[in-house]
Amino acid sequence: MPSTREMRLRIRSVKNLAQVTRALETVSASRVRKAIQANNATMPYAEKAWKVLIHLARQPGRDVLHPLLRQRDRVDRILVIMVSSDRGLAGAYNMNITRHTLSEFDRAGVPVDYVTVGRKGRELLVRKKKNVVAAFVDLPSPPSFNDVAAIGQLVVDDYLKDVYDQVFITYTHFRNMIKQEPVTQKLLPLTVVDKEHAKPGDLSATHRTSSVFTYEPDQNEVLENVVPHFTAIQIYKAILSAQASEHAARMVAMRNATESANELVQSLQLEYNKLRQSIITNEMLDIAGGANALQNDERGVG
Amino acid sequence: MTIRCEIVSQDRIVYQDDVDMVVLPGTAGEMGILPHHSPVLTTLKYGVIHVKRQGEELFFTVAGGIAEVQPDQVTVLADAAENVEEINIQRAEEARRRAEQLLKEGAEKNPDIYLQVQAALRRSNLRISAVKRYRRG
């Protein structure tokens, strides 16, 4: 049986905890708003850029158009970019993306190297003895395109040097405040995926025509400009989406923590009150017992 | 007969509608795009996009980028784009003065800053001349 003093201390510490988690929740709420804004603002550009890439990938003779469009016959080594967060306290956010990534690539059959964005992802992968070749941490939130351009450069360079034959990115896709899901996107080489249910006005709807582009001023210059840049844009989009997911996940985690801390405070308070009451009752009994004994004594003497 | 025109910059959708004709400032020269144009992929220079729709004409400044032309669609992916009617002329003139000032003070010693200042100067010049030439009223 703990003493009332111990109980009081415990209640106070849980209350402090609830205060901290509530503050974190408020901070995440404002961060998530900013992140969603940044995500929505970039989405149209990124999706149209992706569409242009798909159109290029569907061109006849794509293999000679640009090295990034060429399919390779053999896949000897794969690079995976995993987007996680720098800080924890975001529920299962980092675990989920790590588990998703490993389940996708642990059975790849060829060596897989990882590039991580975010400190937590790096820690988790290193603990699982994965080969992490580069780690990007402390990105601003939300980042500007220039902040993540280096990642795009790195993967494009390594791909062109034949270090890797395929490049994927895994990140937590932000659907809404409640739903975020880990997804995998293939970055290189560019592969055509036909969208069956493309509605008119859908930003990601693609043309089915494969008529040949003409290029101005000339083919090399245009493609040199377009293909690497648009690949980097896809990475940028993934990171923005992942950050929105991170803050949303943290907000929900912190709200849950606040709620359970408050519940804990209530039940502790109840126990404390019971304990205090029983101590008082015992004291009363003692006093009453003592008084009775005294009275009896006096009567006996008299 | 119309063609779908979409102009997006990295941070927003600047314009989208079905239009009659689009004139793009391609790196290799101006290009007039009508419906059923053959597919083209072109880089854009600093310049002005003209959009003709039901007898009226809209103007957008574009600070480089690329454009994809399909028979029924023109997609402009601009590094930066603005409707000429929305340009804040005071801000543009201020930006130009600032950039010129920096150049006078010898910004060219640092190549990174020099490039930035020069890009800022080009952007504000483009905005100012576009407003002078194309703004209504």
Side-chain angles (χ1 to χ4, degrees), chain A residues 37-60 65-66 69 142-146 148-149 200-230 232-233 236-237 240, chain B residues 2-18 22-33 35-47 49 60 62-82 112-113 115-116 119:
Chain A
Q37 232 168 34
N39 185 35
N40 290 349
T42 315
M43 208 46 90
Y45 188 91
E47 286 188 345
K48 283 184 207 298
W50 182 245
K51 199 166 78 175
V52 172
L53 286 179
I54 295 293
H55 290 171
L56 278 172
R58 210 185 284 148
Q59 292 279 298
L65 277 180
H66 192 276
L69 298 173
S144 76
F145 175 68
N146 288 336
V148 306
D202 183 354
L203 289 172
S204 55
T206 56
H207 284 258
R208 272 159 206 288
T209 57
S210 56
S211 45
V212 183
F213 275 122
T214 36
Y215 301 92
E216 293 209 18
D218 70 76
Q219 180 175 319
N220 281 342
E221 195 165 322
V222 172
L223 293 180
E224 249 343 293
N225 239 314
V226 166
V227 182
H229 179 62
F230 282 7
I233 288 280
Y236 181 49
K237 182 198 79 177
L240 286 178
Chain B
T2 57
I3 185 165
R4 180 99 188 145
C5 173
E6 294 176 335
I7 303 173
V8 292
S9 65
Q10 271 188 26
D11 51 2
R12 68 195 176 112
I13 298 175
V14 180
Y15 178 78
Q16 56 179 345
D17 210 343
D18 293 319
V22 183
V23 180
L24 299 172
T27 323
E30 300 255 307
M31 305 168 67
I33 312 289
H36 296 301
H37 197 285
S38 68
V40 176
L41 201 58
T42 179
T43 51
L44 301 177
K45 61 180 181 191
Y46 280 62
I49 301 172
F60 300 90
V62 52
I66 72 130
E68 184 205 21
V69 178
Q70 294 281 357
D72 59 350
Q73 192 166 43
V74 181
T75 311
V76 177
L77 293 149
D79 293 344
E82 264 176 308
D112 283 351
I113 294 180
L115 283 179
Q116 267 177 30

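Labels below follow one simple rule: chain letters A, B, ... track the order of the sequence lines, proteins then strands, and each chain is numbered from 1.
Only the side chain of A:Val226 has a heavy atom closer than 4.5 Å to any heavy atom of chain B. Using a 4.5 Å cut-off between heavy atoms, B:Ala67 makes no contact with chain A at all. For A:Tyr236, no part lies under 4.5 angstrom from a heavy atom of chain B.
Side chains of B:Pro25 and B:Ile49 form a contact here, defined as non-hydrogen atoms less than 4.5 Å apart. The shortest side-chain heavy-atom distance between A:His55 and A:Phe213 falls under the 4.5 Å cut-off. Taking the side chain as every heavy atom from C-beta outward, A:Lys48 and A:Val52 never approach each other to under 4.5 Å.
Looking at B:Ser38, its side chain never comes within 3.5 Å of a backbone N or O of B:Pro71 through a donor-acceptor pair.
Chain A forms more heavy-atom pairs under 4.5 Å with one residue of B:Leu77, B:Asp11, B:Thr43 than with any other, namely B:Leu77. Ranked by non-hydrogen atom pairs under 4.5 Å with chain A, the options B:Val69, B:Thr27, B:Ile66, B:Thr75 are led by B:Ile66.
Taking the six-membered ring where the residue is Trp, A:Tyr45 and A:His229 present perpendicular rings, their angle passing 60° and hence far from 30°.
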